[in-house]
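Single-structure report; data block below.
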Amino acid sequence: MDDAQQYNYDRIAKAITYIRQHFRQQPGLDEIARHVGLSPFHFQKMFSDWAGTSPKKFLQYVSLQFAKEKLAQNESLFDTAYQTGLSGTSRLHDLFVKIEGMSPAEYKNGGEKLAINYQFSETRFGRLLIASTKKGICLLSFYEGTPEAALKLLKTEFPKASFRLAPDEIQQNALKIFSQDSEDISEIKIHLKGTAFQLKVWEALLKIPQASLVSYNLVANMIEKPSSSRAVGNAIGKNPVAYIIPCHRVIKSTGELGGYRWNQTRKTAIIGWEATQKTEL
C-alpha cells in the first residue's frame with residue numbers, strides 16, 4: 001500500500017467518524033465530501049475504490065440496526081452449532097491460523113532470550129507494525145503516531161529482547177491477509193505471550209466468520225465460561241494481533257460496537273468493509 005492509499009485511508013477514517021457522529025441526520029454525499037475536503041465526485045470514487053460500495057450503502061452497514069440484526073442472526077447460529085457440538089461456523093482462519101503460547105522461559109526476564117524481527121507496513125486500514133519471533137507473529141498493531149512510538153510500545157512488552165528491523169517470510173505471509181486475493185497464504189503461525197485464559201479467548205475469536213458479529217457473552221459461552229463476559233472483554237482488549245485474530249467482530253449485546261484497542265473508527269471501518277465484501281461481491 002503506497003502513501004496515496006494511506007492518505008485515502010486517513011480521509012476514509014475522517015469520513016467514517018463524521019458519518020458515525022451524524023448518523024441520525026443521514027448526511028448526504030455532498031456534506032461528507034465537503035467535510036473531508038474533496039469534491040463529491042472524487043470522494044465517491046475514492047470511497048467506492050476502498051469499500052467496493054457507495055458511502056450511502058456503507059452507512060447502512062455500520063448502523064446500529066444492521067449490527068443488531070447481524071448479532072441476532074449470528075448468536076442463534078453459534079448457539080445451535082455449539083449445542084450440537086458442530087463446528088458449523090466454518091471459517092477460513094480455522095484452517096490456516098495456529099496460535100502457540102510462549103513458554104515462561106521465552107518471556108521471563110523481559111524476554112531476554114527472544115530475537116524479534118519487525119517491519120512497518122501500510123494497509124487499507126492504516127499503518128501497522130508487525131513483529132515476529134522464529135515461531136510466529138508476536139504482534140500486529142495499527143498505529144496513528146510515529147513509527148518510533150509504535151516500536152517503543154512493542155519494546156515495553158519485551159524490554160530485554162533483541163530487536164531487528166527485518167522483514168521476514170513469517171511477516172510477509174501474514175500481511176497477505178490484507179490483499180484482495182489471499183488464496184496463496186500459507187499457515188499463519190502466531191507466537192503470543194498470554195495467560196491460559198487469554199489464549200483460550202483469542203483462539204475462540206478465530207472461529208468467528210468474516211463479516212459476522214457476536215457478543216462478548218457469546219464468546220464467554222464459546223469457551224464454556226458463561227459468567228466470564230467481563231474477563232473475556234478484558235482478554236479481547238489485550239489481543240496483540242489485530243485483524244488476523246478478529247477481535248473487531250465482537251460487539252456489545254445492544255448492537256453498539258464497543259471499544260477497540262486500535263480506536264473505534266478503525267473498528268467501524270473494518271466491520272463495514274467486511275460487510276460490503278460479503279454483501280456486494
Ring-face cation contact, Tyr260 with Arg266, 6.0 Å cut, 45° max: no
Any donor-acceptor N/O pair, Trp202 side chain to Leu192 backbone, under 3.5 Å: no
Ring centre gap for Phe125 and Tyr243 strictly below 6.0 Å: yes
Ring-ring centroid check Tyr61 Trp273, cutoff 6.0 Å: no
Sole candidate of Lys134, Glu106, Lys135 that passes side chain to side chain donor-acceptor pair (under 3.5 Å) when paired with His191: Glu106
Side-chain heavy atoms of Ser162 within contact of Leu114, under 4.5 Å: no
Side chain Gln277, main chain Ala51, donor-acceptor under 3.5 Å: yes
For Ile170, the option from Ser132, Ser186, Cys138 that meets side chain to side chain contact (heavy atoms under 4.5 Å, CB included): Ser132
Option from Glu31, His35, Arg34 for which side chain to side chain donor-acceptor pair (under 3.5 Å) with Tyr18 holds: Glu31
Over 12 foreign heavy atoms within 6.0 Å of NZ, Lys189: no
Lys252 to Tyr216, cation-pi by 6.0 Å centre distance and 45° axis angle: no
Sub-4.5 Å side-chain heavy-atom contact between Arg124 and Trp50: yes
Short side-chain to backbone donor-acceptor contact, His42 and Leu38, under 3.5 Å: no
Any donor-acceptor N/O pair, Ser228 side chain to Ala231 backbone, under 3.5 Å: no
Backbone of Ile208 reached by a side-chain donor or acceptor of Ser212 within 3.5 Å: no
Donor-acceptor contact below 3.5 Å, side chain Asn74 vs main chain Lys70: yes
Heavy-atom side-chain contact between Val62 and Ile16 under 4.5 Å: no
Side chain to side chain contact (heavy atoms under 4.5 Å, CB included) partner of Tyr107, chosen from Met102, Glu157, Lys113, Lys160: Met102
Trace of the salt bridge (charged side-chain N to carboxylate O under 4.0 Å, His left out) decision for Lys14 with Asp10: CA-CA 6 Å; Lys14 188 174 182 180; Asp10 291 342; over 6 Å; no
Sidechain-backbone polar pair: Gln26 side chain, Lys56 backbone, donor-acceptor under 3.5 Å: no
Heavy-atom side-chain proximity of Arg249 to Glu274 below 4.5 angstrom: yes
Whether Arg261 side chain and Asn239 backbone form a donor-acceptor pair below 3.5 Å: yes
Side-chain heavy-atom pair Ser48, Phe43 within 4.5 angstrom cut-off: no
In one Ile/Leu/Val/Met/Phe/Trp/Tyr side-chain cluster, 4.5 Å: Ile251, Phe58: no
Any Thr265 side-chain heavy atom under 4.5 Å of Thr268 side chain: no
Gln25 atom CD: more than 12 heavy-atom contacts under 6.0 Å: yes
